[in-house]
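Computed from a prediction, not measured in an experiment: that's the story for all the values here.
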Amino acid sequence: MKRVFLIVLDSVGAGALPDAAAYGDAGANTLGHIWEKEAPALPNMEAMGLGCIEGLGYPVPTDGAGVYGRAMERSAGKDTTTGHWELMGIKLDKPFPLYPEGFPPEVMDAFEAAIGTKTLCNRPASGTAVLDELGEEHIRTGYPIVYTSGDSVFQIACHEEIYPPQKLYEMCEKARAILTGEHAVGRVIARPFVGKEKGGFTRTGNRRDFSLEPTARTLLDALQEMGFFTMGIGKIEDIFCMRGLRKSDHAAGNPACIDATLEAMKQEFEGLVFVNLVDFDSSYGHRRDVKGYADALRYFDGRLKEILDTLGDEDLLILTADHGCDPVHTGTDHTREYIPILCYTRAMQGRRSIGTRATYADIAATIAENFGLEERFDAESFLDQLK
């Protein structure tokens, strides 16, 4: 295929991994539980084989075409950076550090000294609840709200009228410089918000993630070195620190990212467009909003018809995820799950299974083989099964 469009449905997991209990996630099943609770009709994904994936429950239409399966995460962890890195070929033996009791004094003292002010919170918190709890105090004192979660993140929430986004980004860069070595969290996240009082605070689309730079060579690096076009849409540029990307569109939210994908599909190139659709995770999974999650899946499936209609004869579409975030499961954190894999080209007839893959990196190996690269990233390509 001349062009590959890899779309990550952020957090749309496909059932608990065998080691999920070690992460507190036994029984998690993002897609399966949403089907049980809301039964969203997803005719385009179902036609590609969504209902054929074990343990999800979605119907299987008589007609349809696609290649379907699921993949296990070989890396330790269940966060955004780990999942996306493995999709591009990096597998981590050790998870990023977590801070269930908040960040230690050596981190917070250094950060407060770097930004010249005290901070609020410093503990795990829900990103929306913490605004209701501390937003008014933040406005009164000007102290940034620093919090974490069940993921390896250092999050900084600031009101845009007090700290304009660029000032907040500079603050995040200082945190990123401090959070190294044993405290090298996966991401420092800028969480700007607006509003006047408790109950009226809302986060804006100016979020930015400051990730660690990839610790090894990725598929993006290999493609760029060989002269292929590489583009990230959504927060992909943040997750990979722009490494291996020729172009980026930092669109915010699923509708804007889908629009950007359709726009990219109109261009002539040979290479990869890598897309993240964050709303499933940030707006619905973490907030335990089952109906909202189901509605977001319905919306994507409707827009998927536009994507399928726009695909050219030499295009490959791959839909997948990076982890789970089951809104029915206990807690508000990511869940350790299989990820679905749905592939489509115009030449496909009928549906075919690629089974359960041993690592997310099989996707990187497949794309690498498609473009004639030597790398397989210690993974197994399934390109032959797409023909």
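- Of the charged side-chain nitrogens involved, none lies within less than 4.0 Å of a carboxylate oxygen, so that Glu38 and Lys291 do not count as a salt-bridged pair.
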Quick one: side chains of residues 105-114, donor-acceptor pairs under 3.5 Å with protein atoms, not counting sequence neighbours, listed by atom name and distance.
from   : atom 1 : to     : atom 2 : distance (Å)
Glu106 : OE2    : His183 : NE2    : 3.4
Glu112 : OE2    : Thr119 : N      : 3.1
Glu112 : OE2    : Thr119 : OG1    : 2.8

- Between Asp315 and Arg3, does a salt bridge (Lys or Arg N to Asp or Glu O under 4.0 Å) hold up when you go through it step by step? CA-CA 5 Å; Asp315 292 345; Arg3 309 190 302 177; 2.7 Å; yes
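- When the shell of 6.0 Å around NZ of Lys91 is examined, it contains more than 12 heavy atoms from other residues, nucleotides or ligands.
- Between Trp85 and Phe96, the ring planes are perpendicular. Angles over 60° get that label, and only those under 30° would be called parallel.
- In summary, the aromatic rings of Tyr99 and Phe103 are positioned with their centroids under 6.0 Å apart.
- Note on Arg346 versus Glu314: no salt bridge recorded, every NZ/NE/NH1/NH2 to OD/OE distance being 4.0 Å or above.
- Tested against His334 for a side chain to side chain donor-acceptor pair (under 3.5 Å), the candidates Asp10, Asp25, Asp281 yield a single pass: Asp281.
- The cationic group of Arg203 does not satisfy the cation-pi geometry with Phe193, failing either the under 6.0 Å distance to the six-membered ring centre or the 45° limit from the ring axis.
- In this structure, Arg74 is not positioned above the aromatic face of Tyr360 in the sense of NZ or CZ being under 6.0 Å from the six-membered ring centre and within 45° of the axis.
- Phe210 does not carry Arg176 over the face of its six-membered ring by the limits of under 6.0 Å from the centre and within 45° of the normal.
- Judged purely by distance below 3.5 Å, without hydrogens or angles, the side chains of Arg246 and Thr230 never pair a donor atom with an acceptor atom.
- Atom NZ of Lys167 has 12 or fewer heavy atoms from other residues, nucleotides or ligands within 6.0 Å.
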Item to complete: Check the pair Glu101 / Arg123 against salt bridge (Lys or Arg N to Asp or Glu O under 4.0 Å), numbers first and verdict last.
Response: CA-CA 6 Å; Glu101 306 299 326; Arg123 55 178 165 76; over 6 Å; no
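- The existence of a salt bridge linking Arg243 and Asp221 is confirmed by a sub-4.0 Å separation between a basic side-chain nitrogen and an acidic carboxylate oxygen.
- Residue Asp309 places its CG atom among more than 12 non-hydrogen atoms of other residues, nucleotides or ligands, all under 6.0 Å distant.
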